[in-house]
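In what follows, residues are counted from 1 in the order of the sequence shown. One-based numbering, in listed order, for ligands and for the atoms of each. Basis for what follows: all heavy atoms, side chains included, without hydrogens, waters or symmetry-related copies.
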Amino acid sequence: VATELQPTDRTRLRRLPARGTYDRAMAYAILDEALYCNLAFAVDGQPRVLPTIHARVGDDLYFHGATGNAMLRAMAPGAEVCVSVTLVDGLVLSRSWFHHSMNYRSVVVFGRAARVEDPGEKTAALRALVDRIVHGRTAESRPPTDAELRATLVVRVPLAEGSAKVRTGGPVEDPADIGLDHWGGVLPLTLVPGEPVPDEHVAAGTPIPATVASWRRIGG
Ligand SMILES: Cc1cc2nc3c(=O)[nH]c(=O)nc-3n(C[C@H](O)[C@H](O)[C@H](O)COP(=O)(O)OP(=O)(O)OC[C@H]3O[C@@H](n4cnc5c(N)ncnc54)[C@H](O)[C@@H]3O)c2cc1C
């Protein structure tokens with residue numbers, strides 16, 4: 001597989017192309033760090049975007065849900081979809097309204113969806129989807145029954161056509177604004193987990209699993 005996603009007419013960044021990259025490693029790191037994606041698809045010619053969990057296995061993205069899920073049912077017969085993820089790394093505060101912005105890492109992927117039929121591939125995708133919530137969680141929870149597997153639809157989108165875009169650094173100020181008496185700079189943002197909350201079925205005194213206690217956003 002090429003180390004670069006091959007730019008196409010619809011993935012060629014026109015606006016601030018210097019912020020764009022087609023490097024697979026960069027795009028994959030962003031996809032893996034993002035906890036969920038926004039998945040765009042058409043229903044009867046109408047655009048629809050829904051947030052959903054994604055997981056990457058090699059050069060494919062996987063999505064899952066109930067067999068009755070309208071989004072997955074629309075995708076499964078081979079629909080064209082567009083997936084995007086965004087990590088907001090900071091708020092960029094300029095001395096002018098015009099140059100306010102955000103620091104981010106984002107990925108846009110275009111592709112044709114396909115329903116996953118192979119049981120091995122389906123299980124691997126479900127494993128990736130659970131382990132991306134908490135790394136190692138599949139070993140600490142019950143695998144699906146045959147009935148649960150039958151009730152779950154898994155869809156694959158190949159990672160072949162896509163782009164990443166990254167903004168870093170402070171505000172881009174107009175020279176005339178530098179002397180204004182307004183604060184300028186960046187407020188960095190990170191995702192920080194809170195204290196784990198055991199549910200009522202956990203016996204008192206049970207330690208929090210290390211996988212949970214040490215959770216960090218992958219790459220974050
Ligand atoms: C958190 C966040 C906030 C943003 N806020 C603004 C805003 O307020 N105003 C604004 O104009 N833009 C904003 N952007 C940038 C925005 O996503 C577009 O890149 C930009 O608007 C250019 O749009 P365009 O249609 O001219 O893109 P074009 O450069 O014409 O897009 C062509 C192709 O480039 C790729 N591409 C474009 N943008 C991205 C991206 N962000 N990530 C990955 N691939 C991409 C896609 O494949 C797209 O089909 C923001 C981005 C992020 C992540």
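A donor-acceptor contact under 3.5 angstrom links the side chains of T8 and E161, judged on distance only. Looking at T138 and D131, their side chains do bring a donor and an acceptor atom within 3.5 Å of each other.
Here is the list of ligand 1 atoms found below 4.0 Å of a heavy atom in K165: 18 (C), 19 (O), 20 (C), 38 (N), 39 (C), 40 (C), 41 (N), 42 (N), 43 (C). Distances below 4.0 Å separate heavy atoms of T86 from the following atoms of ligand 1: 1 (C), 53 (C). Atoms of ligand 1 lying under 4.0 Å from any heavy atom of F110, numbered from 1 in the order shown and given with element: 47 (O), 49 (O). Heavy-atom contacts of R15 reach the following atoms of ligand 1: 22 (C), 26 (O), 29 (O) (cutoff under 4.0 Å).
In this structure, atom 13 (C) of ligand 1 has its sub-4.0 angstrom surroundings free of protein heavy atoms. Counting protein heavy atoms under 4.0 angstrom from atom 21 (O) of ligand 1 gives zero. Atom 43 (C) of ligand 1 lies below 4.0 Å from at least one non-hydrogen atom of the protein. In this structure, atom 36 (N) of ligand 1 is in close contact with the protein, since a protein heavy atom lies within 4.0 Å of it. Remark: atom 10 (C) of ligand 1 lies closer than 4.0 Å to no protein heavy atom. Remark: atom 5 (N) of ligand 1 lies closer than 4.0 Å to no protein heavy atom. Counting protein heavy atoms under 4.0 angstrom from atom 29 (O) of ligand 1 gives one or more. Atom 33 (C) of ligand 1 lies below 4.0 Å from at least one non-hydrogen atom of the protein.
Here the heavy atom of the protein found nearest to atom 49 (O) of ligand 1 is R10 O, 2.5 Å. Of the protein's heavy atoms, S163 OG, 3.0 Å lies nearest to atom 47 (O) of ligand 1. Of all protein heavy atoms, the one lying nearest to atom 50 (C) of ligand 1 is Y104 CE2, 4.0 Å.
Exactly one residue among H182, H99, E173 makes a side-chain hydrogen bond (donor to acceptor under 3.5 Å, both in side chains) with S94. That residue is E173.
Heavy atoms only, all atoms of each residue included: D89 and Y104 are closest at OD2-C, 4.0 Å. Heavy-atom minimum distance, L13 versus G20: CD1-CA, 3.7 Å. When all heavy atoms of L126 and P144 are compared, the pair lying nearest together is CD1-CG, 4.5 Å. Looking at every heavy atom in both residues, V154 comes nearest to A125 through CG1-CB, 3.8 Å.
Scored by the side-chain contact (heavy atoms from CB on, under 4.5 Å) test, A203 finds T206 as partners (sequence neighbours excluded). With sequence neighbours left out, D60 forms a side-chain contact (heavy atoms from CB on, under 4.5 Å) with Y62, R156, P158.
Residue contacts with ligand 1 include R12, since one or more of its heavy atoms lies under 4.0 Å from the ligand.
R73 contributes no side-chain N or O that, together with a main-chain N or O of G68, makes up a donor-acceptor pair within less than 3.5 Å. The backbone N or O of P17 lies less than 3.5 Å from no partner atom in the side chain of K165, so there is not a single donor-acceptor pair.
Checked by distance only, ligand 1 and R14 come closer than 3.5 Å through their nitrogen or oxygen atoms. On a distance-only criterion, S106 and ligand 1 share at least one N/O pair closer than 3.5 Å.
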